[in-house]
Amino acid sequence: MTTVTSSELLSVVASRELVARRTVFAGIGLPTLATELAHLTVAPDIEVVYESGVCGAHPSHLPETIADAVLITGAEAVLSMPALFGCVLQGGHIDVGFLGAAQIDRHGNLNTSVIGDWDSPTVRLPGSGGGVEVMANSREVFVVMRRHTPRSFTGTLDFCTTPGPDRALAEGIRPLGIGVTRVITELGILARAGIGEELRLVAVQPGVTVGQVRAATGWDLSVADTVETVPPPTAEELRLLREDVDPERVYLR
Amino acid sequence: MTTVTSSELLSVVASRELVARRTVFAGIGLPTLATELAHLTVAPDIEVVYESGVCGAHPSHLPETIADAVLITGAEAVLSMPALFGCVLQGGHIDVGFLGAAQIDRHGNLNTSVIGDWDSPTVRLPGSGGGVEVMANSREVFVVMRRHTPRSFTGTLDFCTTPGPDRALAEGIRPLGIGVTRVITELGILARAGIGEELRLVAVQPGVTVGQVRAATGWDLSVADTVETVPPPTAEELRLLREDVDPERVYLR
Amino acid sequence: MATTDRADKTLSMREAIASFVHDGDTVCLEGFTHLIPTAAGHEIIRQGRRDLTVVRMTADIVVDQMIAAGCVSRLVSSFVGNSSAGSLGELRRRVETGDPMPLAFEEYSHYGMICRYLAGSQRLPFYPLRSYGGSDLPSVNSDLRKVTSPYPGPDGEPEQIYVVPPVNPDVTIIHAQRADRRGNTQIWGLTGIQAEAVYAADKAIVVVEEIVDDEVIRSDPNRTLVPAHAVDAVVACPRGAHPSFAQGYYDRDNAFYRAWSQISKDPQRLQEWLDEWVRGTADHAEYVDRLGDEFWAGLAVGEALSEPVNYGRRL
Amino acid sequence: MATTDRADKTLSMREAIASFVHDGDTVCLEGFTHLIPTAAGHEIIRQGRRDLTVVRMTADIVVDQMIAAGCVSRLVSSFVGNSSAGSLGELRRRVETGDPMPLAFEEYSHYGMICRYLAGSQRLPFYPLRSYGGSDLPSVNSDLRKVTSPYPGPDGEPEQIYVVPPVNPDVTIIHAQRADRRGNTQIWGLTGIQAEAVYAADKAIVVVEEIVDDEVIRSDPNRTLVPAHAVDAVVACPRGAHPSFAQGYYDRDNAFYRAWSQISKDPQRLQEWLDEWVRGTADHAEYVDRLGDEFWAGLAVGEALSEPVNYGRRL
């Protein structure tokens, strides 16, 4: 087997977590790769709903954005923004939402707005987009983080753009889902089963120790009783990913 | 000139009241005839928006309902119900709404629900339809009543389905428009200039006396200082109505 | 990237009604004058459902028939009339005299119903609308309530507005021109409130004039008003909207609308009509056959095709 | 019945911006990735408008350019980034360092913005949404407020929900594929929030790839997302959405998106870009010409036509 890149590893690991899921709200990049691979392996009935309003896409080329013209031509449905965010997402039709973030905390709350103070930030980040809504309205949320460092896995967010259900409930607002259930990184997989729980380390990538993951995490990371080692991508998974899903290596950097 | 029918009279009189109006929310029947005639005479820029969602209709035949297929084919736009009622009507894009009713009172409040008690009515009528919304959101409302009797022009409504702005304001709700400004009947025209005012008799049809209208009205009807006599339909108005607007006499009974 | 092969959801009308409509359910039938799901209502009558709450903006002929067949104990509606063609005899008897049994009725305006579907489809606890101020409707419908806006009104004072609660039917049934086998549904002409009614429901049945190849649907994704993920059953039932119409397929049967006011005025005649045309037919295909080719020729429409648009293809 | 001959609303881009965009106005530019009204933004820069409040869900390249040109004092948005291609250099400088002057920023989420348009278009005092519970956004945006539902929640207790206020821009500008001369506007592919943004505004400018005969529009009335009565000006401006795309007309210029992160990182280089491509062109036609035929050939798309539907004709 050739060397497995970081993108390939994260895509394969994320794809396996989609067993039996039916609807995924996903952006372009790793979530798309993971979902397409899952469709060919563990979740044949899975459907991606894109933030642009596309349902049942059949693109002729791998899309470069969530709104790529190739996603629209030949799609089964293209929805308006009110229908997508109101009826599909808030209406409760999404099983798994994929999100990324600059910072995540132990309960899976996310910051995508600023590093530093909101009023005079060190770095102004893009902000929520639909992230607040994906978290509030998906049954569960997967987070894929390319970097696992104490600055991104932080004890205290600089700003909470996208709250998980624990923060929402503390304010008396009842969310639909249970928030972040999986955080997938190059070091391992953190998981969380429901409201009130913290993220726990449940698996490490091959060659990574529990201590390394804890050291890369900015809070005192809980560890599951049994920490599995993530099985490396199989030859078949890599073949599908490289030959069928992204043959032009648009995302598989 | 041949004998003028009741439908012709009401259509012609109503059409003249549409001078300089641009958007009309109208049902099928007399309001359609009046608006089409106005388009050919006093209001060349007028547009009818139908309760079914059709804007800019160009029907091949005179429509028999507000949803007639001939209104859709060749129309400029067909809107969903939320867009029609939310954006167009409640959004404030309608100059004149046409309504009918079983009962009307001195302030232009309307009953289209029941004769008798709501809980065990003598007659169950169809109810509001979009009437409540047409009254609340049009800049002004024209009412065409085929029958002018003390039972339909009543001092006290059996039930107020569709309130004018005076009743709304008494409850602390601010409507967009000023409610009913014209009531057109076979006996004459009642008018009302704004909030707080009662309907007053401003014109009688040729051959009708002020006393006859007052006797046919179930409240003590105010009368304008000068009561005009409605000029009878002109030969040109009748020609347009009979030859161009409704040559098959679908509504001109 | 690969095609997603989600399930084929096609069922016969009999199967769909048997599977998704149960005694005591709240059933929404939508279609504003256009595409009224009459054939589905008839199958509910054939299967003898009881104690239904029917939700429908314009309660018209099919609702009068379902009431007369004893299926309906409660009606939620904003217009209870036979179009502009007259009255609904059975409905009026039930409300005016309680004969043969009373009908519970929740009265709204059209936009009130629309907002209930909007709230239901968007999972909102309420939906605000600028109606009902000064109306007697809130006095007979305690679900019409008020909220104070947290923003100052135009005069700087607190502003009150009426709200309606969501409606979330157990099942919504709509009629449409065409769908693929998985439920991607395309509607043109008057589109009404069908999409929101589907999204508001726990289950949804889409009845169509024709089931078409995936490629037809996918040639025009903007025409898909109801995506497959919101649909549980797809039923092919040509002419299933009669006596209403299906734009581009057949015209409205205005004569039957006028006739219904007479038929429904006489309870016995109404029951005989149901015996002959609904309970006496095995399914909608038999109803269509009995009406005969000459009848359907009278409702035939000609061709007025939309100009195609280009969705583009990457070169 | 007769045709209604309402006014011809076609204007040049210069006339439309001069007539409907004034210093100090609140200007909404919508188009979610698709059909971004870039050419209109450029003309606002050419005409030197000042002190605008710009409302746009995805504040991207055109907004960065308008900020750099000194047109914008306040931004209302839910995503301030250069797509997935990097950063908006000028916007970040303004927010992070206030250089050369600060930019007031109101931060929302996407659905928060959508609901502001919904409220604005429907003349509602607020719009409820199930977002923001537990977020820090309400602490920096006092327009995110709460309302208590007058209906009991699922547990029988009172239920609170966040609401957003309406947005009612002085003018909304959208780009679309085609319209007739009176403003009946047809859009396909991603349709975003354009219709609501138009209805929410006092005035609306629709910029189109092409103005077409009335018959084209009228062959498919369901495709008309914005009816003429909501439109004040129609501007023909082919390729006016570049570097974004127009489904069926030209593809997205992904290379320019990537380049913008570099151009905008250097304030001097950014100003030179504006001098050359915006302030140094008389209008969008000149901008298109300078890019050249070979460039446009690279964004050309092939044909994928929708299957026509039959609207029917009475026989």
Side-chain angles (χ1 to χ4, degrees), chain B residues 27-29 51-54 64-69 71-74 78-82 84-86 89-90 109 111 113-114 116 118-133 135-137 157 159-176, chain C residues 32-34 57-58 77-85 87 91-92 95-98 105 107-112 114-115 117-118 129-137 139-140 146 153-155 159-162 188-193 195-196 225 244-245 247-248 251-252 254 257 301 304:
Chain B
I28 292 296
E51 197 179 40
S52 55
V54 179
E64 293 196 43
T65 73
I66 54 161
D68 194 316
L71 284 170
I72 287 91
T73 302
V78 176
L79 304 179
S80 71
M81 287 279 131
L84 178 77
F85 276 88
L89 187 50
Q90 189 172 274
N109 303 300
N111 173 18
S113 290
V114 287
W118 188 90
D119 282 311
S120 56
T122 314
V123 182
R124 175 66 233 189
L125 303 163
S128 163
V132 170
E133 286 75 35
M135 181 75 89
N137 300 305
L157 301 176
F159 185 86
C160 177
T161 315
T162 298
D166 295 294
R167 281 184 66 124
L169 282 166
E171 203 190 326
I173 304 276
R174 179 190 300 273
L176 180 71
Chain C
F32 190 84
T33 311
H34 182 216
M57 285 176 66
T58 53
S77 181
S78 47
F79 189 86
V80 292
N82 177 11
S83 178
S84 53
S87 283
L91 186 142
R92 283 190 56 184
V95 173
E96 292 169 8
T97 68
F105 178 43
E107 182 169 1
Y108 287 87
S109 62
H110 274 354
Y111 195 46
I114 291 166
C115 290
Y117 288 122
L118 288 169
L129 73 169
R130 293 197 180 272
S131 304
Y132 302 130
S135 173
D136 282 340
L137 284 167
S139 72
V140 298
K146 278 188 278 191
D155 54 3
E159 190 174 12
Q160 286 206 308
I161 187 162
Y162 270 93
W188 59 97
L190 301 176
T191 58
I193 195 69
E196 290 79 4
L225 295 194
S244 79
F245 67 110
Q247 191 83 34
D251 217 333
R252 191 169 188 264
N254 291 313
Y257 276 83
V301 298

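No hydrogens, no waters, no symmetry mates; every other heavy atom, side chains included, goes into these values. Since the model is a prediction, treat every value here as computed from it, not as a measurement. Chain naming here is simple, since letters A, B, ... match the order of the sequence lines and numbering starts at 1 in each.
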What's the separation between atom SG in C115(C) and atom CD in Q90(B), rounded to the nearest 0.5 Å?
6.5 Å
Heavy-atom cut-off 4.5 Å, strictly under: side chain, backbone, both or neither for L129(C) against chain B?
both
Side chain / backbone / both / neither for Y132(C) at chain B, heavy atoms under 4.5 Å
both
Can you name the closest pair of heavy atoms from V78(B) and G189(C) and give their distance?
CG1-O, 3.4 Å
For I114(C), is it the side chain, the backbone, both, or neither that has a heavy atom closer than 4.5 Å to a heavy atom of chain B?
side chain
So what's closer than 4.5 Å to chain C heavy atoms on A170(B): side chain, backbone, both or neither?
neither
Begin with the C-alpha distance, continue with both residues' side-chain angles, and end with the deciding distance and a verdict on side chain to side chain contact (heavy atoms under 4.5 Å, CB included) for L190(C) and V54(B).
CA-CA 8 Å; L190(C) 301 176; V54(B) 179; 3.9 Å; yes
Under the rule for salt bridge (Lys or Arg N to Asp or Glu O under 4.0 Å), what residues qualify as partners of R130(C), not counting sequence neighbours?
E159(C)
Name the option with the most non-hydrogen atom pairs under 4.5 Å to chain B; the candidates are S83(C), S77(C), S78(C), S87(C).
S78(C)
Portion of Q247(C) that has a non-hydrogen atom of chain B nearer than 4.5 angstrom:
side chain
Could you have a look at S80(B), P82(B), P175(B) and say which one has the most heavy-atom pairs with chain C under 4.5 angstrom?
P82(B)
Drop me the distance from N254(C)'s CG to D68(B)'s CG, to the nearest 0.5 angstrom.
7.0 Å
Pair R167(B), D136(C) - check side chain to side chain contact (heavy atoms under 4.5 Å, CB included), show working.
CA-CA 10 Å; R167(B) 281 184 66 124; D136(C) 282 340; 3.1 Å; yes
Which bit of F245(C) comes within less than 4.5 Å of chain B, counting heavy atoms only: side chain, backbone, both or neither?
side chain
Is a side-chain N or O of E171(B) found less than 3.5 angstrom from the main chain of G133(C), in a donor-acceptor match?
no
As an exercise: rank T58(C), L137(C), L225(C) by heavy-atom pairs under 4.5 Å with chain B and give me the winner.
L137(C)
Step-by-step side chain to side chain contact (heavy atoms under 4.5 Å, CB included) determination, L89(B) to Y111(C)
CA-CA 10 Å; L89(B) 187 50; Y111(C) 195 46; over 6 Å; no
Counting heavy-atom pairs under 4.5 Å with chain C, the top scorer among N137(B), V132(B), L176(B) is V132(B)
Can you confirm whether E64(B) sits close enough to R252(C) that some side-chain heavy atom of one is under 4.5 Å from a side-chain heavy atom of the other?
no
Find the distance between OG (S109(C)) and CZ (F85(B)) and round it off to the nearest 0.5 Å.
8.0 Å
Atom group of L118(C) that falls short of 4.5 Å from chain B, counting heavy atoms
side chain
Is there a side chain to side chain contact (heavy atoms under 4.5 Å, CB included) between I72(B) and H34(C) once you walk through the steps?
CA-CA 11 Å; I72(B) 287 91; H34(C) 182 216; over 6 Å; no
By side-chain hydrogen bond (donor to acceptor under 3.5 Å, both in side chains), which residues pair with S52(B), not counting sequence neighbours?
none
Using the salt bridge (Lys or Arg N to Asp or Glu O under 4.0 Å) criterion, which residues pair with D119(B)? Sequence neighbours excluded.
none
Among the options I193(C), T191(C), V140(C), pick out the one with the most heavy-atom pairs lying under 4.5 Å from chain B.
V140(C)
Using non-hydrogen atoms and a 4.5 Å limit, figure out which bit of Y108(C) sits close to chain B: side chain, backbone, both or neither.
backbone
Most chain C-contacting option - heavy-atom pairs closer than 4.5 Å, from G74(B), P163(B), A168(B)
P163(B)
Taking all non-hydrogen atoms of both residues into account, name the closest pair between E107(C) and S113(B) and its distance.
OE2-OG, 2.7 Å
Taking only heavy atoms into account, what residues of residues 120-129 of chain B are found under 4.5 Å from chain C?
P121(B), T122(B), V123(B), R124(B), L125(B), P126(B), G127(B), S128(B), G129(B)
